[in-house]
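What follows is a set of notes on a single structure, which appears directly below.
Here is how names work: the chains are called A, B, and so on, in the same order as the sequence lines, proteins then strands, and each is numbered from 1.
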Number of protein chains: 2
Amino acid sequence: MLTSNLHMVRDVRGDTSAAAELSDFNGIFCRQPLEHAQPGQIVFFEGDPAKHVFSLVEGNLRICRLLSDGRRVITGFLRSGDAVGVSFKNRYLYSAEAIDEVTFRRVTKRSFEEELATSPQLRPLVFSRVCDEVAAAQDQMVLLSCKSAEERLASFLLRQLQSDEAHGGLRGVIALPMTRLDIADYLGLTIETVSRTVTKLSSKGIISVCGRHGIKVLSRAGLAHQAAEYEDDDVGNNGRTMMAQRRH
Amino acid sequence: MLTSNLHMVRDVRGDTSAAAELSDFNGIFCRQPLEHAQPGQIVFFEGDPAKHVFSLVEGNLRICRLLSDGRRVITGFLRSGDAVGVSFKNRYLYSAEAIDEVTFRRVTKRSFEEELATSPQLRPLVFSRVCDEVAAAQDQMVLLSCKSAEERLASFLLRQLQSDEAHGGLRGVIALPMTRLDIADYLGLTIETVSRTVTKLSSKGIISVCGRHGIKVLSRAGLAHQAAEYEDDDVGNNGRTMMAQRRH
DNA sequence: CGAAGATTTGACGGGCCTCAAATCTGGTGG
DNA sequence: CCACCAGATTTGAGGCCCGTCAAATCTTCG
């Protein structure tokens with residue numbers, strides 16, 4: 001049975017304590033040579049033997065899965081500081097493609113696993129990242145399962161905004177290195193619907209389009225409202241209330 | 001930040017070697033007393049402090065997440081042998097509800113984590129299960145992202161069939177302890193669409209409905225064809241071919 | 001400038017959702 | 001044993017959101 005492969009293990013979470021974590025995690029990679037990939041280049045293919053674990057130093061990757069008839073799903077976007085290929089499985093379950101110019105390092109899966117087995121500091125770190133990975137996947141399942149196009153885009157933009165800010169981007173401005181088709185395949189929509197929905201949010205005064213790969217957030221509250229999620233702040237709330245509502 | 005929680009760590013994978021794994025994994029739980037839950041009872045709530053890890057002994061659970069307006073998403077179904085609540089996070093990210101009569105055991109998260117830290121046999125086991133969890137989540141993202149109602153239901157039935165067979169069920173018969181509403185919330189459809197699609201598959205001669213909670217598979221190949229996935233056998237293929245098709 | 005690709009905009013149709021009602025199933029009490 | 005009821009499921013009619021197809025516009029780069 002072809003089973004799991006972890007594609008994304010986020011390295012930075014936007015607080016000052018992340019620096020220590022980052023160096024710990026990257027300790028495995030830092031002796032490896034830098035490698036490069038051009039936009040559109042595929043770092044590894046779905047189905048290939050999973051020989052390496054990668055650490056993204058610069059640039060952005062998209063994680064793709066394909067159906068037999070050519071339909072494409074993007075299960076995640078990766079940015080500098082993320083790792084990809086962490087798994088005990090022997091084949092990659094997805095492809096990793098460079099969105100823009102990318103630099104990365106790699107270690108063999110074997111040495112990564114040895115490091116993991118022998119390093120008590122590393123273990124909880126990796127395990128914790130994997131938990132974040134599962135949480136992200138579940139958020140995405142919620143998004144795909146029952147959100148409208150407008151809610152999906154708003155949720156996506158909100159996440160990107162938080163991610164950008166965690167990485168030291170300008171407050172209120174979202175960088176979108178990926179194309180509209182990438183966004184569409186990530187949100188389970190078509191390119192046309194993404195475009196129309198961007199226009200709609202823009203005409204509502206919630207965002208403002210800045211060129212092809214930039215969006216300015218004019219009303220964060222408006223975005224959060226459209227996203228239809230529990231989080232109502234820039235910071236997630238731990239005191240989220242429970243309601244046991246049911247339809248009908 | 002409220003982040004990941006692993007809900008499903010499948011314990012049995014249908015081969016004879018699974019028995020050893022199972023006893024290893026359940027070694028943590030086997031000294032704990034048995035607990036019970038009635039149909040509809042909630043084992044723990046989304047947002048509650050995550051104090052325990054659970055091991056399902058008998059019966060079925062549904063894993064639910066709710067949106068603020070009451071929309072419900074089921075991110076997974078659990079059966080005997082599965083564990084739930086494995087995570088380093090301090091709050092549950094989802095609710096776990098009994099579908100039928102359920103018996104389970106629990107250990108504190110603290111003791112589970114201590115066991116995990118000190119047991120070199122257990123670690124790769126848990127880590128491997130987590131990988132399966134992520135793989136399942138990604139499969140579900142593919143399903144929700146771009147499959148039609150018919151493909152979703154076919155994929156779901158195929159998975160249930162494989163799971164049933166792995167657990168020693170009758171060949172070709174699928175047990176569906178959950179309601180149609182559960183299936184709908186799991187597949188991102190409405191209850192009416194699920195019902196209509198079941199009827200459609202039935203009238204095509206691919207399945208045959210056996211009462212409320214049973215479905216007989218008349219044509220496994222037909223199901224697999226409708227599911228629109230790579231796997232074309234009852235066993236997944238490791239030699240899956242890669243194609244780099246793109247739309248347009 | 002010109003061409004290729006990315007994005008936007010428009011018209012139209014279909015698949016799934018919504019609302020409504022009929023039917024089926026299982027459990028309870030007479 | 002059977003009537004009855006509540007909940008689950010099925011079936012039907014109609015509408016809407018988003019996908020499909022097509023064309024215009026914008027951007028980038030040789």
Side-chain angles (χ1 to χ4, degrees), chain A residues 38-40 62 67 69-74 97 99-101 143-154 156 176-203 207-215 226 228 246-248, chain B residues 38-40 62 67 69-74 97 99-101 143-154 156 176-203 207-215 226 228 246-248:
Chain A
Q38 295 304 309
R62 59 176 167 253
L67 266 64
D69 60 1
R71 278 174 288 182
R72 185 182 77 153
V73 178
I74 292 183
E97 304 181 10
I99 291 175
D100 43 21
E101 200 144 327
L143 181 149
L144 295 171
S145 208
C146 65
K147 288 191 180 179
S148 68
E150 203 164 341
E151 292 169 340
R152 292 182 197 199
L153 190 68
F156 170 67
L176 296 175
M178 69 291 290
T179 68
R180 295 283 190 271
L181 180 59
D182 289 337
I183 296 174
D185 286 347
Y186 181 59
L187 297 180
L189 301 170
T190 60
I191 186 174
E192 295 92 336
T193 299
V194 169
S195 179
R196 270 185 266 265
T197 309
V198 167
T199 303
K200 193 189 287 184
L201 287 180
S202 178
S203 66
I207 61 173
S208 153
V209 179
C210 305
R212 195 162 276 182
H213 295 296
I215 282 187
Q226 290 294 341
R246 286 291 277 281
R247 296 190 308 220
H248 296 281
Chain B
Q38 294 305 310
R62 58 175 167 254
L67 267 63
D69 60 1
R71 279 174 287 182
R72 185 182 75 151
V73 178
I74 293 183
E97 306 181 9
I99 291 175
D100 43 21
E101 200 143 329
L143 181 149
L144 295 170
S145 207
C146 67
K147 288 191 181 179
S148 69
E150 204 166 340
E151 291 168 341
R152 293 183 195 197
L153 190 68
F156 170 67
L176 296 175
M178 68 291 290
T179 68
R180 295 283 190 271
L181 180 59
D182 289 337
I183 297 174
D185 286 347
Y186 180 60
L187 297 180
L189 302 170
T190 60
I191 186 173
E192 295 94 336
T193 299
V194 169
S195 179
R196 270 185 264 266
T197 309
V198 167
T199 303
K200 194 189 287 185
L201 286 180
S202 178
S203 66
I207 62 173
S208 153
V209 180
C210 305
R212 194 161 279 181
H213 295 296
I215 282 187
Q226 290 294 341
R246 284 292 276 282
R247 295 190 308 219
H248 293 287

In whole Å, what is the span from the [atom1] atom of [X] to the [atom2] atom of [N]?
X        : N      : atom1 : atom2 : answer
B/Ile183 : D/dT10 : CD1   : C1'   : 14 Å
A/Leu189 : D/dG19 : CG    : C1'   : 10 Å
B/Leu153 : C/dC16 : CG    : C1'   : 14 Å
B/Ile215 : D/dT10 : CD1   : C1'   : 14 Å
A/Asp100 : D/dT28 : CG    : C1'   : 16 Å
B/Arg180 : D/dG7  : CZ    : C1'   : 14 Å
A/Ile191 : C/dG10 : CD1   : P     : 17 Å
A/Lys200 : C/dT9  : NZ    : P     : 13 Å

Check whether [X] reaches the backbone of [Y] with its side chain - one donor and one acceptor, N or O, closer than 3.5 Å.
X        : Y        : result
A/Asp69  : A/Arg71  : yes
A/Arg152 : A/Lys147 : yes
A/Thr197 : A/Thr193 : yes

I'd like to know if B/Glu192 reaches the base of C/dC19 with its side chain, counting only an N/O donor and acceptor under 3.5 Å. yes
Using only heavy-atom distances, decide whether a donor-acceptor pair under 3.5 angstrom links the side-chain of B/Arg196 to the base of C/dT18. yes
Would you mind classifying the nucleic acid contact of B/Arg212 as base, sugar-phosphate or nothing, using non-hydrogen atoms under 4.0 angstrom? base
Are OP1 or OP2 of [N] and a side-chain N or O of [X] less than 4.0 angstrom apart?
X        : N      : result
B/Thr190 : C/dC17 : yes
B/Thr199 : D/dT11 : yes
B/Thr193 : C/dC17 : yes

Nearest to the B/Ala149 side chain among C/dT8, D/dT10, C/dC16, which nucleotide is it? C/dC16
Testing D/dT10, C/dT7, C/dC16 for proximity to the side chain of A/His213, the answer is C/dT7
Please tell me if the side chains of A/Val194 and A/Tyr186 come closer than 4.5 Å, counting only heavy atoms from C-beta onward. no
Can a donor-acceptor pair be found between the side chains of A/Thr199 and A/Ser202 at a distance below 3.5 Å? no
